[in-house]
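Structure, as structure tokens:
Because the structure is predicted, anything quoted here is derived from the model rather than measured. Quick note: residue numbers are just sequence positions, from 1.
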Amino acid sequence: MAGNDRSVLQFVPSSTSVSAKVHPLVIFNICDCYVRRPDVAERVIGTLLGSLLPDGTVDIRNSYAVPHSEFSDQVALDIDYHHNMLASHQKVNPKEVIVGWYSTGFGVTGGSVLIHDFYSREVANPIHLTVDTGFRNGEGSIKAFVSNSLSLGDRQLAAQFQEIPLDLRMVEAERVGFDILKSPVVDKLPNDLEGMEASMERLLALIDDIYKYVDDVVEGRVTPNNEIGRAISDAIASLPKLSPSAFDKLVNDSLQDQLLLVYLSSITRTQLSLAEKLNTAAQIL
């Protein structure tokens, strides 16, 4: 029958189980590039560098911005600049390869398909990372996507972006900086002591949550979770056994070291300021 010779609309997934992990340095770098962007640019586009972990997770460790221009649904990238920056990065760390690209803004735009098509020629199955630099409601929306092809026979009709799991893990110092970055207005950056105070307050809140959970389990109000129990046990076992006096001495010594560094940096700034004024006075005379 002639009706059997019909084309079939096919949806081809790029990957069944893709996940990504992004380092905080990448987010900070993207936000910095957005602040330094040209006045006529509405968003920033750049390349993501990293590697593929043994478990299949895409590890995003570095990035750089790529100059571009947008007109309606048309996008033009500076490809020569992109290749020169890639060669420079790989001279420093040859293990970092292209894993995808990023853009600032909320979600995927119309021109994202064209840019993703370019990076698909650079690397198989690239990751598209979007960073909402507006930090609406004090929250930074950071998402990762992969592209799936929608084809009719041998002709590709469209591309659909599918969100994938994204892991954004930070140490405490990075978490403090990220919380400040999300704030629309900041009076001043915290010093070392204020950062330590914020970290200790967060630590005390976490300890209170653990106390409450353990009490609820003991009293039978919450069903025990073996994974959480093992995690708490591992955390307690990893702590060094110190007496209260030894712990106080350790904290005080660290605090004294921090104060000494602040004092030395203040003296250095004063000496540089005096040297500059003496040099200016000598030139005038």
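Using a 4.0 Å cut-off between a side-chain N of Lys or Arg and a carboxylate O of Asp or Glu, Lys21 and Asp167 do not qualify as a salt bridge. Here Asp208 does not pair with Lys212 in a salt bridge; the nearest charged N to carboxylate O distance is not below 4.0 Å.
Side chains of Thr130 and Ser103: a donor-acceptor N/O pair is absent below 3.5 angstrom, by distance only.
Between Ser19 and Thr57 there is a side-chain heavy-atom pair separated by less than 4.5 Å. Counting heavy atoms from C-beta outward, Leu49 and Thr47 have side chains that approach closer than 4.5 Å. Between Ser147 and His128 there is no side-chain heavy-atom pair separated by less than 4.5 Å. Proximity of Tyr102 to Val26: side-chain heavy atoms (C-beta onward) are nowhere separated by under 4.5 Å.
The side chain to side chain contact (heavy atoms under 4.5 Å, CB included) test with Val99 singles out one residue from Asn125, Asp59, Ile60, and that residue is Ile60. Screening Ile127, Val58, Leu129 for a side chain to side chain contact (heavy atoms under 4.5 Å, CB included) with Leu166, the sole residue that qualifies is Leu129.
When atom types are taken as modelled, the side chain of Ser88 and the backbone of Asn84 share a donor-acceptor pair closer than 3.5 angstrom. Looking only at distances, no side-chain donor or acceptor of Ser266 sits under 3.5 Å from a matching main-chain atom of Val262. A donor-acceptor pair under 3.5 Å links the side-chain atoms of Thr104 to the main chain of Val44, judged by distance alone. Although no hydrogens or angles enter the test, the distance criterion places no donor-acceptor pair under 3.5 Å between the side chain of Asn29 and the main chain of Leu25.
Note: His82 and Phe118 meet the aromatic proximity criterion, with ring centroids under 6.0 Å apart. Annotation: Phe28 is not in aromatic contact with His23 [ring centroid separation under 6.0 Å not met].
By the 30° and 60° cut-offs, the orientation of the rings of Phe161 relative to His116 is perpendicular.
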